[in-house]
Amino acid sequence: MIIWRCGPRARRSGSGAGEDHLARAQRTAHTGSIEQDLRTGVIEWSGETYRIFGLDPNLPAPTGEAFLALFHPDDRAACETQGPAHQAAAGGQLSDKPRVDLHFRIVQPGGTVRRVHHESELVLDQHGAAVRWIGTYRDVTEAYEAEESFKLVFEGNPVPMWLFDPETLKFLAVNDAVIAHYGYDKESLLALTLLDILPQKDRDNVKNAIRNTPQLSGGDPSHVWQHVKADGTAIDVLTYWRHTTFCGRPAQLVAIVDVTAKRAAEARITHMAHHDALTGLPNRVLFHDHLEHALLGVRRYNDTLAVLYLDLDHFKNVNDGLGHPAGDKLLQAAAERLRKCLRDCDMAARFGGDEFAVLQIGLAGPQEAGTLSDRIVTLLSEPYDIDGQLVEIGASVGIALAPIDGETAEQLLANADIALYQAKEDGRRTFRFFQPGMGVSLRAHRALELDLRNALGAGELEVYYQPLVTLATGVISGFEALLRWHHPLRGMVSPLEFIPLAEETGLIVPIGEWVLRQACAEAAAWPDDLKVAVNLSPVQFKKGNLPQVVFATLASAGLPAGRLELEITESVFLAESKTNLATLHSLRALGVTIAMDDFGTGYCMAIMQAITTLGWSLGIPTLAEGVETKKQLAWVRAAGCTEMQGYLFSRPVPAREIAGLPSPPRVGRQADQYLLTA
């Protein structure tokens, strides 16, 4: 016989206060109790049990099918067969299981579904006979939903996550992303501890950090740890964690962000920001930082250091003649040789172009800087094999010492640059120590460069003209355009002084185009049978747009292409540049004449004949300049030159003097007749 006692379980004598405390504790824990005395058949429910099932404690508790109807249909069968309370309520026999542990769902009268955890056990007397059973119902709905939500976030998360025991450091659970990222199978990883995926050097630190702060939460995004994957690959990771519970015990939940690729990319970017992309040497920024740091030692410990500033002699000729790819290979080879000259504590850097610098620290005396500079000059001046072609250059070095030549990075670099300029002035392939007086010539050179940059816009440049004489007939065939510079303070500046400077700085390109426009415009007003010859610098060939410039100039001036002669130096041919030859063919296609210029009495007879033979084979006339005596005239005739000019016939004159002649020179007029009228 089963007797149900409705309402909160009856208080036993003398235990009222204890019962009140128990009821409060059950409400707090969302746990209700149930008990049956097997001798009397009385079943007692606590008030919390009624609340969990959604029943009114003032009404009789349901029994039989009414009680079983409170269970979710999918869970009813298991509850009916396994739970002693449920068996008793259904009028069945008690289970002989000493202990039962079940999770199931109930449906409260209003239709609300709750999840319940039930535990029950039989109580035996001293003879082993069952005298009662006791059980509990705990509402675990919120905990279950939280666990399901956690599983959804944890298991399906693309971020590698795991749970580990802060005491044993064993893995408790891992998600699929961990398996995929670290390369372990799940069973193997769950058999490991956190220390097993760390490098040996980090294990003690990590173990102590976790055990000393077991409740630590968060993560330090600035601290990067190393982990080791199943194949032994080391990866850099950021770890984020928080304290939680897992299966009722403390655990640490860890999320992993692999920053290996990010850190590698940052390292590459940092390296690129501080190193030269072509040679791999440090760049100016990194060199400057190291120099500043080294100067601290100079000030603090009275050390000595040297800054060597160097560049490659005649590198420009290689770049122009063989092309930039060959020039790049030459720079790489020179940089490698420079590395071999240095100690581990020294630093070499590329500043750009063919300019390099060396920082030499811990010097016993200036002679060590001289010895290193001599070694650099010697090694960098040895021949290079560039794509099967033997290339010879040199190196010049300027040296500044700290603290005697400067106490700041800027002073030392500037003074080493001045010393380099002096080394080049002294013939190149050598080195020079900085001396205070060296800056005068460099400052003058740079002042002239600044003035030249302003000269074109200031109207200080003018085109003069010198007659060209055909050697075969002795008649004037035209005039060569020659540039002159009227400086407001310096007076007439020699072309021998400013033309090389214009070529060195690249100013020859805009200046040369201006000369071409002026000469063509003025020649358009001359008699139709007179030509104008304009000099072209090898630098103008590098830009690549020379044919277009010439075509546009002729069109603007209205000058027939046949009346323009472009004079080039033999270096354009000797460079054997495909680009130069292609440019020459394009110019010839426009209808202009190409002539070789800038050679003559300064050459011996054999060289003159070789160059005129080259011009003849290419169908290009050769012009000899600087003819001042009849003896020199005989030389250039014997060499086979086709044209000549020089003071023997006329000095260069401004255009206005040609226009003011009473009888302008024409084809057929003898040179000596022109000389009489000039």
What's the shortest heavy-atom distance between [X] and [Y], and which atoms?
X    : Y    : answer
E497 : L448 : OE2-CD2, 3.5 Å
L295 : A409 : CD1-N, 3.5 Å
D313 : R429 : OD2-N, 2.9 Å
E368 : A364 : OE2-CB, 3.2 Å

F551 CZ: over 12 foreign heavy atoms closer than 6.0 Å: no
Greater than 12 external heavy atoms within 6.0 Å of D385's CG: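 Atom CG in D385 is packed in, count exceeds 12.
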Do W162 and Y182 have ring centroids that are under 6.0 Å from one another?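 Yes, the ring of Y182 comes within the 6.0 Å limit of the ring of W162, centre to centre.
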Output field: ring centroids Y309/F356 closer than 6.0 Å: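 Y309 vs F356: aromatic centres not under 6.0 Å.
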Intermediate values then yes/no, side-chain contact (heavy atoms from CB on, under 4.5 Å), K207 and L195: CA-CA 7 Å; K207 181 168 59 177; L195 299 182; 3.9 Å; yes
Parallel, tilted or perpendicular: which fits the ring planes of H275 and H271, with parallel below 30° and perpendicular above 60°? parallel
Parallel, tilted or perpendicular, as decided by the 30° and 60° cut-offs, for the rings of W485 and F498: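 Answer is perpendicular, since the angle exceeds 60°.
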Do you know which of K262, R263, R268 makes salt bridge (Lys or Arg N to Asp or Glu O under 4.0 Å) with E266? K262
Going from [atom1] on [X] to [atom2] on [Y], what distance comes out if it is rounded to the nearest 0.5 angstrom?
X    : Y    : atom1 : atom2 : answer
I399 : Q360 : CD1   : CD    : 8.5 Å
R339 : L281 : CZ    : CG    : 4.5 Å
T193 : F171 : OG1   : CZ    : 7.0 Å

Any chance you could lay out the side-chain hydrogen bond (donor to acceptor under 3.5 Å, both in side chains) test for D276 and T279, step after step, and finish with the verdict? CA-CA 6 Å; D276 173 54; T279 64; 2.6 Å; yes
Taking atom types as modelled, find out whether [X] and [Y] have a side-chain donor-acceptor pair closer than 3.5 angstrom.
X    : Y    : result
E392 : Y384 : no
H274 : N283 : no
N535 : E480 : yes

Stepwise side-chain hydrogen bond (donor to acceptor under 3.5 Å, both in side chains) check, D426 with Q422: CA-CA 6 Å; D426 291 347; Q422 187 64 52; 3.0 Å; yes
Option among I594, L566, T583 that satisfies the side-chain contact (heavy atoms from CB on, under 4.5 Å) test with R588: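 In the set I594, L566, T583, the residue that makes a side-chain contact (heavy atoms from CB on, under 4.5 Å) with R588 is I594.
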Residue that, paired with M347, satisfies side-chain contact (heavy atoms from CB on, under 4.5 Å) out of V358, L286, L291: L286
V391 vs L330, test: side-chain contact (heavy atoms from CB on, under 4.5 Å). Steps then yes/no. CA-CA 9 Å; V391 174; L330 178 58; 4.3 Å; yes
Are the side chains of [Y] and [X] in contact, using a 4.5 Å heavy-atom criterion?
X    : Y    : result
I376 : S373 : no
M492 : R484 : yes
I404 : T304 : no
L331 : L312 : yes
V237 : T260 : no

side-chain hydrogen bond (donor to acceptor under 3.5 Å, both in side chains) for E462 and H486? Distances and angles first, verdict last. CA-CA 8 Å; E462 185 179 3; H486 300 275; 2.9 Å; yes
Counting distance only, does the side-chain N/O of N454 pair as donor-acceptor with the main-chain N or O of L450 below 3.5 Å?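 Yes, N454 side chain to L450 backbone: donor-acceptor pair under 3.5 Å.
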Donor-acceptor pair, S556 side chain versus A552 backbone, under 3.5 Å? no
For K340 and E336: C-alpha separation, side-chain torsions, deciding distance, then whether salt bridge (Lys or Arg N to Asp or Glu O under 4.0 Å) applies. CA-CA 7 Å; K340 295 178 180 179; E336 188 57 34; 5.1 Å; no
Give the intermediate values and the outcome of side-chain contact (heavy atoms from CB on, under 4.5 Å) for residues Q389 and L322. CA-CA 10 Å; Q389 185 161 346; L322 301 182; 3.5 Å; yes
Does the pair D451 and R490 meet the rule for a salt bridge (Lys or Arg N to Asp or Glu O under 4.0 Å), with working shown? CA-CA 10 Å; D451 288 349; R490 302 172 187 265; 3.3 Å; yes
Hey, mind stepping through V318 and I393 against side-chain contact (heavy atoms from CB on, under 4.5 Å) and telling me if it holds? CA-CA 8 Å; V318 177; I393 58 171; 3.9 Å; yes
Is the NZ or CZ atom of R446 positioned over Y421's six-membered ring, under 6.0 angstrom from the centre and within 45° of the axis? no
Applying side-chain hydrogen bond (donor to acceptor under 3.5 Å, both in side chains) to T430 and R432, what does each step give before you reach the verdict? CA-CA 7 Å; T430 188; R432 290 290 182 267; 3.1 Å; yes
